Amino acid sequence: MAHTLRDQIAGKLEKNIEESLREELLGDGASAGANAGSVNDNSSAVGDNNSAGNSCQTPGDNSHTAGYTNPEDDDLFTFAEYDEAESERAGYTNYSYWRSTVRMFFKGKGAVFCLTIMIALIAFAIIQPYLSGQRDPYTVNTDSELFIPLRNVAPCLEYWFGTNSIGQDLWARIWAGTRTSLFIGFVVALVEAVVGITMGILWGYVRKLDFLFTEIYNVLDNIPQTIVLILISYIMTPSVGTLIFAMSLTGWIGMARFIRNQILIIRDRDYNLASRCLGTPTRRLVFKNLLPYLVSVIMLRIALAIPAAIGNEVFITYIGLGLPATTASLGQLIDDGRQVMMNAAQRYQLIFPAAVVSVITISFYIVGNAFSDAADPKNHR
């Protein structure tokens, strides 16, 4: 009896489970069929829309690609072609290094004023011999009636700067001396720049040469330049070439040492390392990566070397070892004026050449410093 009742209950449970499973399976199939029908309807609708839209598509239209569901966005999204001109325009800048340098320089009124005076003085010193009414700087002027030299004539309308102790026109001698001293200064500055920059680049960039140049620097730098000038003047014949050689013999050392230190600072920066890794030639790396960063300091050193050379010429002539009497120079004129400076009536022979030397020195110093600041890219706006 118990077994019969248990079998009846188990049979009813199995029958109920089978009916429940059958209903669930039938329900899932119906919903899947309905969903499939809706997908087919949508696909046909999209197909109709695509077929309708394709009638006006151009060959380059990509609206029929997979994933495109809204043909109304055709005007909103288009493929952009590569345009080299546009890419260059996007990275274009009207910055010019030299234009910015000139603009920054002319913002300083004092530097512009000194530059104007310096240019006017140099230009007049060059053209002065070709002007009318100018006397020869080496001719002894004499009185037309007494035929005696016009010694120590004070400045007047005929002799604007007076005459010296032997009757030579001081106006003509000052401009002749200015030409001589400026020539010495420019040549010495040029030699120092060329030799100093070349040696400084080799010294700072080629590591194998560091020991050699260091020893040369230690030897030459420990010899005072004054001693070198005096020895060369004693050994060689006094002349313009002798002074240029004596000043240039050790003058490049300071420039080379300065350039070497600057090269060491920027030699191993990232862009220089990248250039070397890419196989950039050393010459191009030096002229494109290194020297442009040193323009400001190089110009400053050159601008200061010119008045320094004039000062050395004045000094060596002042101690009696400079140019001969047949060659006028500012140093020689100052030495002549020194000999009569205790006489108040003849003191003009020292004042005029000293004033010209002062104007040249101060002008070059101010212009050199102003140009150095203007040439620094960090000061450009």
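Atom set for the values below is all heavy atoms of this structure, side chains included, hydrogens, waters and symmetry mates excluded. These numbers come from a predicted model, not from an experiment.
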Legend entry - Test item: Ser181 side-chain N/O and Ser329 main-chain N/O as donor-acceptor pair under 3.5 Å: no
Inset, instruction - State, with a plain yes or no, whether a side-chain heavy atom of Asp268 is found less than 4.5 Å away from one of Arg276. - result: yes
Inset, instruction - Please check if Ile266 and Leu285 belong to a single hydrophobic cluster, counting links between Ile, Leu, Val, Met, Phe, Trp and Tyr side chain heavy atoms closer than 4.5 Å. - result: yes
Inset, instruction - Please say whether more than 12 non-hydrogen atoms of neighbouring residues, nucleotides or ligands are located less than 6.0 Å from CG in Asp270. - result: no
Legend entry - Ile259 CD1 to Arg301 CZ distance, which is reported to the nearest 0.5 Å: 8.0 Å
Inset, instruction - Check Pro155 against Phe352 and note the closest heavy-atom contact, atom names and distance. - result: CG-CE1, 3.9 Å
Inset, instruction - Step through the shown structure and confirm whether more than 12 heavy atoms of other residues, nucleotides or ligands are within 6.0 Å of CE on Met341. - result: no
Legend entry - Common cluster, Ile298/Leu190, ILVMFWY with side-chain heavy-atom separation under 4.5 Å: no
Inset, instruction - Please determine which of Asn222, Asp221, Ile227 meets the side chain to side chain contact (heavy atoms under 4.5 Å, CB included) test together with Pro224. - result: Ile227
Legend entry - Side chain proximity check, Leu209 to Trp203, heavy atoms < 4.5 angstrom: no
Inset, instruction - Enter the distance from Leu264:CG to Asp210:CG here, rounded to the nearest 0.5 Å. - result: 7.0 Å
Inset, instruction - Report yes if some heavy atom in the side chain of Asp169 is under 4.5 Å from a heavy atom in the side chain of Trp160; otherwise report no. - result: no
Inset, instruction - Looking only at non-hydrogen atoms, find the nearest pair between Asn152 and Ser165 and report the distance. - result: OD1-CA, 3.2 Å
Legend entry - With sequence neighbours excluded, residues passing side chain to side chain donor-acceptor pair (under 3.5 Å) with Arg267: none
Inset, instruction - Show your reasoning for whether side-chain contact (heavy atoms from CB on, under 4.5 Å) applies to Thr178 and Ile174. - result: CA-CA 6 Å; Thr178 302; Ile174 284 179; 4.2 Å; yes
Legend entry - Verdict with reasoning, Asn261 to Ile265, per side-chain contact (heavy atoms from CB on, under 4.5 Å): CA-CA 7 Å; Asn261 294 336; Ile265 294 174; 5.5 Å; no
Inset, instruction - For Leu115 and Phe371, run side-chain contact (heavy atoms from CB on, under 4.5 Å): C-alpha distance rounded to whole Å, both residues' side-chain angles, the deciding distance at 0.1 Å, then the answer. - result: CA-CA 10 Å; Leu115 178 64; Phe371 187 82; over 6 Å; no
Legend entry - Sequence-distant partners of Arg347, salt bridge (charged side-chain N to carboxylate O under 4.0 Å, His left out), two or more places apart: none
Inset, instruction - Please confirm whether the backbone N or O of Asp336 pairs with a side-chain atom of Gln349, one donor and one acceptor, at under 3.5 Å? - result: no
Legend entry - Gly200 backbone acceptor or donor facing Arg260 side chain under 3.5 Å: no
Legend entry - Gln128: side chain to side chain donor-acceptor pair (under 3.5 Å) partners, not counting sequence neighbours: Gln134, Arg179
Inset, instruction - Any chance you could measure Ile360, atom CD1, to Leu330, atom CG, to the nearest 0.5 Å? - result: 5.5 Å
Legend entry - Rounded distance [0.5 Å steps], CZ in Arg257 versus CE in Met199: 16.0 Å
Legend entry - Set of side chain to side chain donor-acceptor pair (under 3.5 Å) partners for Asn369, sequence neighbours left out: none
Inset, instruction - Using a strict 4.0 Å threshold on nitrogen-to-oxygen distance, state whether Asp335 and Arg338 make a salt bridge. - result: yes
Legend entry - Shared hydrophobic cluster for Phe287 and Ile197 (ILVMFWY, side-chain gaps under 4.5 Å): yes
Inset, instruction - Can you establish whether the number of heavy atoms outside Tyr138 located under 6.0 Å from its atom OH is more than 12? - result: yes
Inset, instruction - On the 0 to 90° scale, with breaks at 30° and 60°, tag the Trp175-Phe124 ring pair as parallel, tilted or perpendicular. - result: perpendicular
Legend entry - Qualifying ring pair (Phe, Tyr, Trp, His ring centres under 6.0 Å) pairs with a residue from residues 229-278, counting only residues at least two apart or across chains: Tyr271-Tyr293
Legend entry - Six-ring centre of Tyr159, Arg135 cation under 6.0 angstrom, axis tolerance 45°: yes
Inset, instruction - Please answer whether the main-chain N or O of Thr214 pairs with a side-chain N or O of Asn218 as donor and acceptor at a distance below 3.5 Å. - result: yes
Inset, instruction - Treating Ile, Leu, Val, Met, Phe, Trp and Tyr as nodes and any side-chain heavy-atom pair under 4.5 angstrom as an edge, say whether Met255 and Leu249 lie in one connected cluster. - result: no
Inset, instruction - Kindly indicate whether the side chain of Ser248, heavy atoms from C-beta on, has any atom under 4.5 Å from the side chain of Val195. - result: no
Legend entry - Which atom of Ile334 lies closest to which atom of Leu350, heavy atoms considered: O-CD1, 3.7 Å
Inset, instruction - Quick one: closest heavy-atom pair of Val228 and Ala246, and the distance? - result: CG1-O, 4.0 Å
Legend entry - Beyond-backbone contact of Glu215 with Phe211, side-chain heavy atoms, under 4.5 angstrom: yes
Inset, instruction - Only pairs at least two apart or in different chains count here, so list each salt bridge (Lys or Arg N to Asp or Glu O under 4.0 Å) that has a residue in residues 356-370. - result: none
Inset, instruction - Check for a donor-acceptor pair, side chain of Ser372 on one end and backbone N or O of Gly368 on the other, with a separation under 3.5 Å. - result: no
Inset, instruction - Please round to the nearest 0.5 Å and tell me the distance separating atom CD of Glu158 and atom CG of Leu150. - result: 7.5 Å
Legend entry - Donor-acceptor contact present, side-chain Tyr348 to main-chain Thr163, <3.5 Å: yes
Legend entry - Spatial distance of atom CD1 (Ile302) from atom CZ (Phe186) [nearest 0.5 Å]: 10.5 Å
Inset, instruction - Test side-chain contact (heavy atoms from CB on, under 4.5 Å) on Leu290 and Asn272 and set out the steps. - result: CA-CA 9 Å; Leu290 299 179; Asn272 289 323; 3.7 Å; yes
Legend entry - Closest non-hydrogen atom pair between Pro353 and Leu333, with its separation: CB-CB, 3.8 Å
Legend entry - Nearest heavy-atom neighbours spanning Ile366 and Cys114: CD1-SG, 3.6 Å
Inset, instruction - Following the transitive rule for hydrophobic clusters with a side-chain heavy-atom cut-off under 4.5 Å over Ile, Leu, Val, Met, Phe, Trp and Tyr, establish whether Leu212 and Tyr217 coincide in one cluster. - result: yes
